Amino acid sequence: MPRAAITGWGRYVPPAVLTNHELATVVDTSHEWIVTRSGIEERRVSHVSNADMATAAGSEALAAAGVDPSELDHVIVATCTADRQIPAMACYVQTRLGALRAAAVDINAGCSGFLYGLDLADGLIAAGRAARILVVGSEKITPYIDLEERTTAVLFGDAAGAVVVEPATGDEGILSINVGANGALADALTAEGAGTEFIGDDARLRIVMDGREVFRNAVSQMPQAALLAIKEAGLQVDDVDLVIPHQANQRIIDAVAKRLELPAERVYSNIARYGNTSAASIPVALAEAVELGRVHPGDELVFAAFGAGFTWGAAAVRWGPRVEPVATSDLAYPPPDRSALELLVDLHRRERG
Ligand code: UT7
């Protein structure tokens with residue numbers, strides 16, 4: 001059975017930066033509260049569509065792998081904030097990349113979506129049914145921010161990350177992967193305003209979350225999933241060079257490190273700069289970690305996520321010999337014509353009048 005390996009990595013983080021101080025001019029909050037309770041200092045607000053962000057991240061991952069878009073068998077996009085309900089956002093990404101032979105599908109598993117996508121890619125490669133798969137995690141979540149709801153307004157940001165998955169040629173690759181869900185707690189983290197349930201309703205786009213319930217479940221489920229992935233990979237916790245957890249809250253990331261008994265420097269965190277970017281957070285963090293030299297040939301990595309559903313997942317991945325991209329993408333968008341704060345306030349006005 002061929003093992004699936006990550007051969008390309010890429011990310012798109014929108015250029016417009018929104019600091020806590022700026023956010024505190026339109027939301028009843030403060031920089032101190034946000035940093036203390038979540039570790040977030042700033043986030044990005046996208047001036048391009050979710051599909052544009054996904055395409056840019058995908059293009060960078062393909063270039064890093066040295067794979068031509070026409071060689072892709074599947075484009076899998078994990079998102080819970082698709083530009084449209086129909087068709088799948090992956091179809092826009094497929095055509096913009098020129099991945100003309102590829103099947104295209106979206107999956108929605110909230111913040112765990114990237115790991116659900118990686119699980120599908122792993123299965124397709126193991127079954128010999130595909131040889132080159134692009135897995136993207138991409139979220140334009142800022143339109144869901146309700147400036148009147150301070151508990152959620154401070155947490156989220158926009159971004160996209162992507163990986164290329166191919167059959168391994170050596171002993172690298174996805175050593176184990178597990179995903180799970182508990183739909184009994186579905187209402188603890190949901191979005192109103194999008195979906196047929198809201199037809200005829202004047203419900204606006206907004207995230208509705210029982211933060212404490214999410215927190216409680218995340219700090220137990222993420223380490224459990226990570227420990228299972230480590231065990232099923234035949235590894236010990238001490239073998240793990242770097243854990244790349246979903247970036248939801250620095251306190252959750254710290255709890256994962258504590259539960260795994262790993263020092264903070266072996267658990268990657270960039271939440272201070274991007275906030276919670278949902279399904280994008282792990283592939284963005286991975287691409288950044290590789291760029292920053294935090295991932296070395298042969299490193300044992302662990303990814304772990306938790307999110308709406310509730311859903312969760314974890315993977316143990318042995319990195320391959322290459323930490324340099326084969327090439328870089330030249331896809332670029334014109335810069336935003338407004339500040340991040342103006343983009344956010346404009347979204348809020350258009351959505352809420
Ligand atoms: O990816 C999965 C998605 N979501 C998550 O993972 C989120 C998980 N949950 C969390 O990260 C945390 O629960 C939050 C960061 C959302 C909230 O932190 P908390 O420590 O659980 O705060 P809390 O909701 O218990 O609120 C504590 C206090 C309250 O005031 P009182 O009742 O003690 O007077 C809130 O009204 O903090 C107040 N508060 C705020 N104050 C200033 C809540 N949000 C804010 C805010 N600014 N933004």
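Just follow the structure's listing: the first ligand is 1, and inside any ligand the first atom is 1. The figures that follow rest on heavy atoms only: side chains count, while hydrogens, waters and symmetry mates do not. Computed from a prediction, not measured in an experiment: that's the story for all the values here.
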Option from Leu18, Ile40, Ile145 for which side-chain contact (heavy atoms from CB on, under 4.5 Å) with Leu23 holds: Leu18
Protein heavy atom under 4.0 Å of atom 31 (P) of ligand 1: no
His47 side chain reached by Arg338 side chain, heavy atoms, under 4.5 Å: no
Enclosure of Arg101 CZ (heavy-atom neighbours >12, cutoff 6.0 Å): yes
Heavy atom of protein inside 4.0 Å of atom 18 (O) of ligand 1, strictly below: yes
Salt-bridge criterion met for Asp171 and Arg3 (N-O under 4.0 Å): no
Ligand-residue contact atoms, ligand 1 with Val154, heavy atoms, under 4.0 Å: 48 (N)
Atom indices of ligand 1 within 4.0 angstrom of Asn276 heavy atoms, with elements: 1 (O), 2 (C), 3 (C)
Protein heavy atom at shortest distance from atom 29 (C) of ligand 1: Arg150 NH2, 4.8 Å
Gln85 atom CD: more than 12 heavy-atom contacts under 6.0 Å: no
Within-cut-off N or O pair, Ser38 and ligand 1, under 3.5 Å: no
Pair Thr190-Asp187, side-chain donor/acceptor within less than 3.5 Å: no
Distance-minimising heavy-atom pair for Ala289 and Ile244: CB-CD1, 4.4 Å
Atoms of ligand 1, numbered as shown, that sit under 4.0 Å from any heavy atom of Ile252: 6 (O)
Top protein contact for atom 10 (C) of ligand 1, by heavy-atom distance: Asn249 ND2, 3.6 Å
Which residue and heavy atom of the protein sit nearest atom 5 (C) of ligand 1, plus the separation: Val214 CG1, 3.5 Å
Contact bool for atom 34 (O) of ligand 1 (protein heavy atom, d < 4.0 Å): no
Among Ala279, Gly309, Ala248, closest by any non-hydrogen atom to atom 6 (O) of ligand 1: Ala248
Test: Arg266 and Asp238 ion pair at under 4.0 Å: yes
Contact atoms of ligand 1, heavy-atom distance to Thr29 under 4.0 Å: 42 (C), 46 (C), 47 (N), 48 (N)
Under 3.5 Å side-chain donor-acceptor pair for Glu139 and Thr81: yes
Minimum-distance pair of heavy atoms, taken over all atoms of Asn276 and Cys111: OD1-SG, 4.0 Å
Under 4.0 Å to a heavy atom of Arg212 - the qualifying atoms of ligand 1, by number: 13 (O), 21 (O), 23 (P), 25 (O)
For Arg251, the ligand 1 atoms whose distance to one of its heavy atoms is below 4.0 Å: 18 (O), 19 (P), 20 (O)
Numbered atoms and elements of ligand 1 in range of Arg37, under 4.0 angstrom, heavy atoms: 20 (O)
Mode of Cys111 contact toward ligand 1 - side chain, backbone, both, neither (heavy atoms, under 4.0 Å): side chain
Under-4.0 Å heavy-atom contact between protein and atom 38 (C) of ligand 1: yes
Atom 47 (N) of ligand 1 within contact range, any protein heavy atom under 4.0 Å: yes
SB check Arg273 Glu288 (cutoff 4.0 Å): yes
Nearest neighbour in protein (non-hydrogen) for atom 4 (N) of ligand 1: Met209 SD, 3.4 Å
Side-chain donor-acceptor contact under 3.5 Å, Thr19 with Glu42: no
By side chain to side chain donor-acceptor pair (under 3.5 Å) - contacts of Thr55 (at least two apart): none
Shortest non-hydrogen contact from Val136 toward Ala54: CG1-CB, 3.8 Å
Sub-3.5 Å N/O-N/O distance, Ser30 and ligand 1: no
Atoms of ligand 1, numbered as shown, that sit under 4.0 Å from any heavy atom of Gly211: 8 (C), 9 (N), 13 (O)
For ligand 1, the portion of Thr152 having any non-hydrogen atom under 4.0 Å away: neither
Option of least heavy-atom distance to atom 40 (C) of ligand 1 (set: Phe215, Trp33, Phe310, Phe306): Trp33
